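The structure appears below as C-alpha cells.
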Protein chains: 4
Amino acid sequence: MNSLTRSFLNKVLGAVKKSRKCEILHDVRVLSNLAGKRSISTLDISGIYPPIPTPFNTDESVAFDQLEKNIKIWNKIPLKGYVVEGSNGEYTFLTPNERVEVVKKASEWAAKDKLIIAGSGCESTRDTIEMTNRMADVGARAVLVVTPCYYKGRMTNQALIQHYTKVADNSSVPVILYSVPANTGIDLSPEVILHLASHPNIIGLKDSGGDISKLGTLVYKTQCEDFQVLAGSASFIFPAYSVGCVGGVCALANILGDELCQLVQLFKDGKFQEAKELQFRMIAPNVSITKMYGVAGLKRAMEWFGYYGGITRSPLLPVTDAEEKIIRDIFVQNKFL
Amino acid sequence: MNSLTRSFLNKVLGAVKKSRKCEILHDVRVLSNLAGKRSISTLDISGIYPPIPTPFNTDESVAFDQLEKNIKIWNKIPLKGYVVEGSNGEYTFLTPNERVEVVKKASEWAAKDKLIIAGSGCESTRDTIEMTNRMADVGARAVLVVTPCYYKGRMTNQALIQHYTKVADNSSVPVILYSVPANTGIDLSPEVILHLASHPNIIGLKDSGGDISKLGTLVYKTQCEDFQVLAGSASFIFPAYSVGCVGGVCALANILGDELCQLVQLFKDGKFQEAKELQFRMIAPNVSITKMYGVAGLKRAMEWFGYYGGITRSPLLPVTDAEEKIIRDIFVQNKFL
Amino acid sequence: MNSLTRSFLNKVLGAVKKSRKCEILHDVRVLSNLAGKRSISTLDISGIYPPIPTPFNTDESVAFDQLEKNIKIWNKIPLKGYVVEGSNGEYTFLTPNERVEVVKKASEWAAKDKLIIAGSGCESTRDTIEMTNRMADVGARAVLVVTPCYYKGRMTNQALIQHYTKVADNSSVPVILYSVPANTGIDLSPEVILHLASHPNIIGLKDSGGDISKLGTLVYKTQCEDFQVLAGSASFIFPAYSVGCVGGVCALANILGDELCQLVQLFKDGKFQEAKELQFRMIAPNVSITKMYGVAGLKRAMEWFGYYGGITRSPLLPVTDAEEKIIRDIFVQNKFL
Amino acid sequence: MNSLTRSFLNKVLGAVKKSRKCEILHDVRVLSNLAGKRSISTLDISGIYPPIPTPFNTDESVAFDQLEKNIKIWNKIPLKGYVVEGSNGEYTFLTPNERVEVVKKASEWAAKDKLIIAGSGCESTRDTIEMTNRMADVGARAVLVVTPCYYKGRMTNQALIQHYTKVADNSSVPVILYSVPANTGIDLSPEVILHLASHPNIIGLKDSGGDISKLGTLVYKTQCEDFQVLAGSASFIFPAYSVGCVGGVCALANILGDELCQLVQLFKDGKFQEAKELQFRMIAPNVSITKMYGVAGLKRAMEWFGYYGGITRSPLLPVTDAEEKIIRDIFVQNKFL
C-alpha cells in the first residue's frame, strides 16, 4: 500500500471511528476486505507475547546466535508473537543500527505464524518515525511506541497527542501505544489514549501501570473502535482478561510461555477457578524478575529453563548470588521449579 | 467474653494460624463453636458496605436526624452493613466524642441484620485503642483501623506491625486493616499485612490502593488464615471479586447500593459478562465522587437519589455549579440518571 | 483588644497591605502605636526557636517535671522563644486537653523574654480556631498552623486560602503559616502564601521544605508586608538568612541552641566564613535527628547534652542501639561531642 | 597524554585524594606541573556557563549559522564557557552524529578563553564512553555526564558508582557528574557523589535539584579533593555561592549572561545586599523559562534579547501566545525588559 492510499484510508477510517457507529465501522471493514485491500488497522494482536531480552556476549556485543536459539524454543509455544526491543530488550542501550538489526534477525527466525511487534520509540518524533519505518522494513508487523519522557514537565496531553499522531500518520505499520510509568515517570492518561484510539493507524495499547480500573475504562470506552488493550505484566493478566483486555506482553512469558498461554485458554474455556489459581502462582515469580531485579533477574532465571540469559549491558549490574537464591526460592515455592 | 479468655483464645488461634494448616484451623473452629464460644475471629464480613458520610447542618453541627433518614433508606438494600467514620465520614474533622456518638446512633438505627464497622484509627496507638473500645461499647461489631501517617518517615514495617498488634491485642472486637495511600501517603505493604494476618483478632483488610495483583497475592497467601480482603473502591470491585476478594467498601454504595449488590450477585451467579458491563458503567461515576471531587461530590450526588447530602466541614469546599454539572453528566451518560 | 476592634483593625491593615505601599504601611503602624493600640500584626518573631519535644514518662503520660527541667536550661540560652506542640512535640499523639496543658505549662516556665509559639493546627477549620484560642488563653503569643492534609486531593489553593483566612479572622493572636511536606504531603504554594501574606493577622511562615529559591521569592515579594519567613530546619539556616529569612525553627536547637544562636550572630556581624563553617558542621547532626531517625533520635541525643529525652509515644519506635551509635558518631565527627 | 600515562596518573592522584591530605595533594600537583604534565584533574571550572540551546531551522534541522551568531554574542560576555548538549540543548532529540557536530562547531566558534563542557551522557556505559571521547576529540575540555535513568528501579548506588567509574577511567577529559531529577527521576545521592569525588578524573558536579543543604554538605566534605560544585539553576545561584559552590550552569545565562556574571562579581566583592537583590529579580524569570515553559520558553525569550531562538524539535511544543505573554510580563516586572 503506498503512502497516498494509506493517507486516504486513514482519513476514511478515522472519520468512521470518530462517528463511533459500530455497524458502519464493520461494514467499511468488510468492504475494504472485499476490495482486496486489507485495512491497516485490523491487525489482530490478541494473545500472549514475551518482550524478549537482547542476549549479549561477555564483551557486551549482541549474541545473535543465542537469540536464534531462544527464538527456536519460543517458536514451539502457542505465543501470539514477540515484542522485540521493548523495555526488557534493553533497547535504550542499543545503537539505532543494533535495534534494527535485532528486529531483522528476530523476524527471520520467528515461525511464520508469529507476529513481530517492534519497540520503535525514541525521544524525538522524527527519530521515532525513522526507527518505525526502518523496523517495519525489516519485518515488524506493528510497532510499540513508548512515551517520550526526558522533558517530562512539558509532556502535556497536547504534546503527547501531537507526537503519536505524527508517528501514526507516517508509520507504514500499525502503532501500539506504550505506557510504562515505572521507567518513564509518565502515565499515559485515559484522555490521551481515548483521543488517539480514533486514529485509524493506532490499534492498541500496552499498559504496564497495573491500574485495573483504567484498563476497564479503556476497554469500555473503545468498544466501537477496534482498539485492543494489552496488559503489560503477568501479575494482572487474569483480572485484565476479566475486564476485556485481549492479550498481554509479559516478561514472565520469556520463561513460562506455556503456562501463560494455558492461563488464557483456561479463561476462554470459562475455567475461572483454575485460571485464578495459576494467576496466583505467577505473581511472586513475575515480581522477582521485574520490579525486584529487572532484566538481570529475568536473564538469570531464563537459564534455569533452557534459554540463554547471559549478561546485561552496563550500567545494569548482574544479580548477586544472594539475589539469585531469592528469585530461585520464589520459583520453587510456586512450583515452577 | 472477658479479657483473660480473649487473651487465651488469641494465643491458641494465633498459633494455629501461624501453622497454616487449614484442616486444624477448621477443627479448632468447630470445637470452639461446639463449646458455645463463638471465636472472635470468625466474623463474616463479606459483602458490600457504604462508607457513610456524616451529615451536617448548615452550621456544621452533626445532623443526626438526616443520618437516621439516610440509614432508614439503606436498611432496605441488601448491603452487608455500614462503615461508619471512615474517610468518607470526614472522621478527621470530628471530635472524639462526635465520632463515638455517630457510631452509637448509626448502630441504633441500622437494621438488625446490618453489620456496623467503625473507623477507629487515630495517630497514636493509645488513642486508637481507646477509640476502638469506646466504639465497640456503643455497637461497632468490628473496627477499621487506618495507618497512622503524620510521621511517615518513621512508619517502618516494624512500627506498623507493633501498632496494629497492640491495637488488636487490646480491642474487644475484631480489627480490619485499612490502607488508603491517597489520603495517608502510606501503602501498607504485603509483608506487614501477611505478618498481621496471623493475628487472631485481625480478620481482614480494606485496601483502597487499587493494585489488583497485590489484592490477589494477599488472597492467595492468606487462604488458610480466615483473612478477608475487601476492595476499597467501586472502580475495581468486579476484578477484585475475580481474584478472591469477598466484599467492598465503596463510596458509590451510598448512592448505588442496589446496583453494587446486584453486581456481586451477578458475579456469584457466574454471569460475568453482565457483571462486567455493570462494572464498566460504575467506574466514571465512582471516580467523579472520589478522586475528582471527593466527599463534597458524593454528598451532592446523594441528593439526586433521595438521600440527604448537605455540606462538608471546612476546609473541604462544596462543589461548584460547574463541577456539579460534570458529575451529573457522568451519571447520566452511564444511565444512572 | 476586643473582637470588634480586631476586626476593624484587620480590615484597615489588610487594605494597606494590599496596596503594597511601604510608606503608608509604616505611617499607619506609627499612628496605631501612637494611639496606644499595638497592632496585632507587628509581633517580631525573628530569631531561633527549638520546636520542643513533649517529654513522656515510661507509661507514655506527659512528664511535666521533665518539661520544666528542660525549659529551665533553655531559658539561659539566647533563643527567641519556644515552639510548643509542633511536629517535634508529637502533637498528633496528644489529646486536645494535653496539647493545651503543655502550652500552658511551657508558658509558665518560660523566661519572661521568651516568646511562646504554639502549634494549633487541626484537620478541620473549626477545631483549629478553637485550639488556637484555647492556646492563646494559656499563654501562646502566636500560633503555628500546619496545613490540613488528610483530604489532600481536595486541599486546593482555594481551600487552603479559605482555611487560613477563617483561622486568622478568628484568632486572638497572630498566625504563622506552616508548611512541612515531609509530614503532610502538601507543599504550601507561593501563590497561597503571597495571597495570605496580605492578611493583617498572618505574620509569617515556617517552611520546612528546604527550597531556598522559594524562600528567597517569598522574602522578596513580601517586602512591604511585614511578613516574616522562618527556616524550618538547621540544615539550611545560613543560606536562609542569606536570602533574607529572619529566623529558624530548628529541631537541632533543642540540643545545640547556643551554637545556632552563635551562627546567627556570626551572620549578623558579617563573619560569613565562620558562619558557613558552623553551618557545615550542623547539617549531618541535624539530618540524623530529623530525616533519619526523627523525634526518637532527637530525644536520645538530647540526653547526651543534659536534657531529658525519654521515650516517644507509640507507634513511634525508640532508636536501636545501632542507630544510636550512628547518631553519636555523627555528633562526634562534627565535634559537638 | 596517552592512555597508559593517564591510567597511571589516575591511580596516583586517586590514592592521594583518598588520603585526604590537602598538603600532599597540592605538592603532587605542583610536581606534576613542573614535570610539564598538566594533571587532567586540575581543570578550573569555576564560573558561569549558559547551557546553550541547539538552534533549529523550521524543518527541525540544526541551524549552524544561528549557533555561530549566538556564540559570537556570548563571546563578549565574561562567561567562563559554554555547556553544549546539556538538557537545554535538547540533546535527547539529536542523533549521535549531530551531538558531536554541534560540539565541534561550538568549540570552533567559542572565544579562545571559553571552556567547552559537553553533555556526553547516554543510557549505556559504552555509549557514554564513546560519546565522551568523540566530543573530547572535537574540542570538549570536560564532559557533563547525566545519570542513566530508564531502568531507574535498578540504578542503585552501586550501579551508578560503577557507571561513572568506568566512564571516568576511560575518558580522555575530566568528568563532571550531572544530577537533574526533574528530567531523570534520579537524585544522585551524597553517598555516591562523595565516593566518586575521590576519582582523579571526576572533578565536579552540576546539581539541578536545588537542595541547598545537600550542596553545602558536598562542598564541606570534598574540601581536600579538588572537587568543584556547580549550581544547576539561576534560581539559587547566590545561596549556592554562599555555601561554597564555585559556579553555575544556568539556563538564564543564555539571556542574562552579563547580569549573572555581575551577580557573581558582587558576591566576590562582598556586596551581599546587592547580590541578593539581583538574585531576587532573577528567580521568577528563571522559573518561567525552566520549570514553567522549558526550552520552548527559553528560546522564545532569547529572541527579545537579540539571540536566535527558533523552534524546538517535536514532541516539544512551542509556547502559545498566552504563555509568551506570561513570560514577557515576568521579565518586565523584574525590570529585565
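Just so you know, these numbers come straight off a predicted model, no measurement behind them.
In this structure, the portion of Phe238(B) lying under 4.5 Å from any heavy atom of chain A is its side chain and not its backbone. Proximity to chain A (any heavy atom under 4.5 Å) is shown, for Gln279(B), by neither the backbone nor the side chain.
Of the residues listed (Ile212(A), Leu215(A), Ile283(A), Val243(A)), the one engaging Ile212(B) in a side chain to side chain contact (heavy atoms under 4.5 Å, CB included) is Ile212(A), and it is the only one.
In terms of the side chain to side chain donor-acceptor pair (under 3.5 Å) criterion, residue partners of Ser46(A) (sequence neighbours excluded) are, by chain and number, Asp44(A). Shown here are the side chain to side chain contact (heavy atoms under 4.5 Å, CB included) partners of Glu274(A), two or more places apart in sequence or in another chain: Leu266(A), Lys271(A).
A heavy-atom distance below 4.5 Å is not found between the side chains of Asp211(A) and Phe236(B). Here the side chains of Tyr220(B) and Asn334(A) are in contact, with some heavy-atom distance below 4.5 Å.
Here CD1 of Ile237(A) is found 12.0 Å from OG of Ser213(B). Values are rounded to the nearest 0.5 Å. The CZ atom of Phe280(B) sits 11.5 Å away from atom NZ of Lys221(A), with the distance rounded to the nearest 0.5 Å. Atoms OH and OG, from Tyr241(B) and Ser242(A) in turn, are 14.5 Å apart once rounded to the nearest 0.5 Å.
Chain B forms more heavy-atom pairs under 4.5 Å with one residue of Ser235(A), Gly209(A), Pro190(A) than with any other, namely Ser235(A). Chain A forms more heavy-atom pairs under 4.5 Å with one residue of Lys276(B), Lys214(B), Glu277(B) than with any other, namely Lys276(B).
More than 12 heavy-atom neighbours from other residues, nucleotides or ligands sit within 6.0 angstrom of CG on Asp269(A).
Under the 30°/60° scheme for interplanar angles, the aromatic rings of Phe272(A) and Phe272(B) are found to stand perpendicular.
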